[in-house]
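Only one structure is covered here, and it is reproduced in the block below.
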Amino acid sequence: MRDEGDLVIRGGTVVLPEGTRRADLRIRHGTVVAMESQFTQASTLDREIDATGLYIFPGLIDAHVHLNEPGRADWEGFTTGTMSLAAGGVTTFFDMPLNSTPPVTDRARFDQKRRVAEAKSFIDYGLWGGLIPGNTEELTELSQCGAIGFKAFMTDAGTNDFPAVDNDSLWAGMDIAARLGAVVAVHAESSWITRRLTESLLSQGRVSARDYEASRPVVSELEAVERALAIARLTGCRLHVVHASSADVVRRIRAAREAGVDVSVETCPHYLSLTVADLEELGGVAKCAPPLRGRDEVEALWQAVRAGLVDTVGSDHSPCPPSMKEDPKGNLFRVWGGISGAQTALNVLLEEGYHRRGVPLETLTALTATNPAKRFGLYPRKGTIAPGSDADLVLVDLDAPWTLRQEDLYYRHPHSPFIGRTFRGKILATLLRGQPVYVDPSPANPVKGIGAGPFPDKPFGQFIPGKPS
């Protein structure tokens, strides 16, 4: 017997792991309690949303975000960062231990970041801990604090306060992580390959977009991935390779998994849409590491997605002030390597995947919600729409065309390589545990009445501790 005052979402098409289904949802105290073809009972106290003609996705879980607070809040912070994530359909995110400063490499720094997030986050969140040379003794305490896992760089991270791990440090850290049941995420690029190539290119005065891409070739990812996989096999560590830019990397990781290594792989929306030609045209705003590749790599990655070889998609939102994206002499090597993408991940996947390539919606949902929920121990509370799950939902007009403008972005610094691009699939509302955390402000929004403005009056995100799964 139901209580009065539920939230009922009527007439929408729900995206489920097995496909799509027209259904009504009943939500009580932030949880989905029923999903039926049609609810016949109604109460005058029920709140209702008419979702006729709309698609309902589970809230995205973005496991790879840099919000940079505390310490570099002038780059981005939890307020603007989580507003942007909510506007992009994200209801849970995991913040990386850098580029906040000091980075999250011990209990005190973890607690400091968590206090900031508690005060400012509009959506649910988890925090990664850092794995750097010399902090392996801190990993157990970080895990006890609730760290999602540990992030390590196998090449220069771009900031002086988060050094790359050498082989011995990575082995020691992964050995401890294995005993803790924790995931180690690696930025897998070979430091010695990228360093030698960079030095050679710069000595010749070669500083263009094509030169930057040549300084960090796919083979540098493969070499680092091979080392990480070998250590994971020897220690039994759960490994997560982030932002793979090539299908060759994805296929190598899948082969290791089939051989018994507990490994997963992430790619990013920009590797599924942008190319090195876009980097040439747009400049620093499209620079990232690993770099954008050729069109053939984009298509090969989509083939890997279709084949189920890619586990997750994360935005790798890595913002900075505009001045850091420019160099007066046009030297692309000197500008910050990170793309602002927290707000546009779902839009890119819908346009490039569903509309242009016919990738099923359930495949995109697996990449952005179900798979990260399973990998990081949140499923079935999150990552799906089912009785008993959190009512983390995204209402989308799947065919609505719209063009991204700079004024649409909620980032602290509203720059993006996707400004001016037209997408099909407009996010009309994002609900966290049944409460609106974003409502599209355009007058034509059919669900605008569920919230007084684009965002609630105050943040109410909750900390989601990591746990083995």
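It should be emphasised that the depicted structure is a prediction, and the values quoted were computed from it without experimental measurement.
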For Glu223, give me all partners under salt bridge (charged side-chain N to carboxylate O under 4.0 Å, His left out), at least two apart in sequence or on another chain. Arg227
Which pairs with one or both residues in residues 119-132 pass side chain to side chain donor-acceptor pair (under 3.5 Å), sequence neighbours excluded? Glu69-Lys120, Asp124-Lys382, Asp124-Arg433
Asp408 bridged to Arg405 by N-O distance under 4.0 Å: yes
For Thr155, enumerate each residue passing the side chain to side chain contact (heavy atoms under 4.5 Å, CB included) test, keeping only those at least two apart in sequence or located in another chain. His187, Glu189, Ser191, Thr194, Arg216
Decide yes or no for Leu404 and Arg421: does some side-chain heavy atom of the first lie under 4.5 Å from some side-chain heavy atom of the second? no
Rounding to 0.5 Å, atoms OH (Tyr379) and NZ (Lys374) come to a distance of 4.5 Å
For the pair Arg179 and Asp175, find out whether any cationic side-chain nitrogen is under 4.0 Å from an anionic carboxylate oxygen. yes
Between Arg375 and Asp311, does any side-chain N to carboxylate O distance fall below 4.0 Å? no
Please confirm whether the backbone N or O of Val359 pairs with a side-chain atom of Thr363, one donor and one acceptor, at under 3.5 Å? no
Starting at CG of Asn347, measure out to CD1 of Ile427 and round the result to the nearest 0.5 Å. 4.5 Å
For Asp327, enumerate each residue passing the side chain to side chain contact (heavy atoms under 4.5 Å, CB included) test, keeping only those at least two apart in sequence or located in another chain. Lys329, Asn331, Arg334, Val335
Please list every donor-acceptor pair under 3.5 Å in which a side-chain atom of residues 79-89 meets a protein atom from a residue at least two apart or in another chain.
{"from": "Thr80", "atom 1": "OG1", "to": "Glu76", "atom 2": "OE1", "distance (Å)": "2.5"}
{"from": "Thr82", "atom 1": "OG1", "to": "Phe78", "atom 2": "O", "distance (Å)": "2.5"}
{"from": "Thr82", "atom 1": "OG1", "to": "Thr79", "atom 2": "O", "distance (Å)": "3.4"}
{"from": "Thr82", "atom 1": "OG1", "to": "Phe122", "atom 2": "N", "distance (Å)": "3.2"}
{"from": "Ser84", "atom 1": "OG", "to": "Thr80", "atom 2": "O", "distance (Å)": "2.8"}
{"from": "Ser84", "atom 1": "OG", "to": "Tyr410", "atom 2": "O", "distance (Å)": "3.4"}
{"from": "Ser84", "atom 1": "OG", "to": "Tyr411", "atom 2": "N", "distance (Å)": "3.2"}

Partners meeting side chain to side chain contact (heavy atoms under 4.5 Å, CB included) with Gln204 (sequence neighbours left out): Ser200, Arg206
Atom pair CG/CG of Asn160 and Asp156 - distance to nearest 0.5 Å: 8.0 Å
Does the side chain of Pro441 reach to within under 4.5 Å of the side chain of Pro454, using non-hydrogen atoms? yes
Side chains of Ser416 and Leu409, heavy atoms from C-beta outward: is any pair under 4.5 Å? yes
Would you call the rings of Tyr55 and Phe57 parallel, tilted or perpendicular if under 30° counts as parallel and over 60° as perpendicular? tilted
Any donor and acceptor pair, going by atom type alone, linking the side chain of Lys113 with main-chain N or O of Ser100 inside 3.5 Å? no
Can you tell me how far the CG atom of Leu272 sits from the OG1 atom of Thr267, to the nearest 0.5 Å? 5.0 Å
Under the ring pair (Phe, Tyr, Trp, His ring centres under 6.0 Å) rule, what pairs show up with a residue in residues 288-312, not counting sequence neighbours? none
Considering residues at least two apart in sequence or located in another chain, which fulfil the side chain to side chain contact (heavy atoms under 4.5 Å, CB included) criterion with Arg381? Asp390, Gln462, Ile464
For a 4.5 angstrom cut-off between non-hydrogen side-chain atoms, does Leu274 reach Phe418? yes
Sub-3.5 Å donor-acceptor pair from the side chain of Ser315 to the main-chain atoms of Ala345, do we have one? no
Under 4.0 Å between a Lys/Arg side-chain N and an Asp/Glu carboxylate O for Arg114 and Asp95? no
Can we call the ring centroids of His64 and His243 under 6.0 Å apart? yes
Check for a donor-acceptor pair, side chain of Thr235 on one end and backbone N or O of Cys237 on the other, with a separation under 3.5 Å. yes
Will you find, in the side chains of Ser264 and His240, an N or O donor that is under 3.5 Å from an N or O acceptor? yes
For residues Leu142 and Val104, determine if any side-chain heavy atom of one lies less than 4.5 Å from a side-chain heavy atom of the other. yes
Between Glu138 and Arg107, does any side-chain N to carboxylate O distance fall below 4.0 Å? no
Listed once per pair and sorted, the ring pair (Phe, Tyr, Trp, His ring centres under 6.0 Å) pairs that draw on residues 347-371, sequence neighbours left out: none
Restricting to pairs with a member in residues 254-297, which pass ring pair (Phe, Tyr, Trp, His ring centres under 6.0 Å), not counting sequence neighbours? none
Taking distance alone, no hydrogens or angles, what donor-acceptor pairs closer than 3.5 Å link side-chain atoms of residues 394-403 to residues at least two apart or in another chain?
{"from": "Trp402", "atom 1": "NE1", "to": "Gly425", "atom 2": "O", "distance (Å)": "3.1"}
{"from": "Thr403", "atom 1": "OG1", "to": "Thr422", "atom 2": "OG1", "distance (Å)": "2.7"}

Taking the six-membered ring of Trp75, is the NZ or CZ of Arg72 close enough (under 6.0 Å from the centre) and on axis enough (within 45°)? yes
Any side-chain heavy-atom pair of Asp392 and Leu431 under 4.5 Å: no
Once rounded to the nearest 0.5 Å, what's the spacing between atom CD of Glu213 and atom CZ of Arg210? 7.5 Å
If we only count heavy atoms from C-beta on, is the Glu407 to Pro414 side-chain gap below 4.5 Å? no
Pairs meeting criterion salt bridge (Lys or Arg N to Asp or Glu O under 4.0 Å) with involvement of residues 78-87, two or more places apart: none
So do the side chains of Phe153 and Leu98 get within less than 4.5 Å of each other, counting heavy atoms only? yes
Once the angle between the rings of Phe455 and Tyr438 is folded into 0 to 90°, is it parallel (under 30°), tilted (30 to 60°) or perpendicular (over 60°)? tilted
Pro269 versus Val313, closest heavy-atom pair with distance: CD-CG1, 3.6 Å
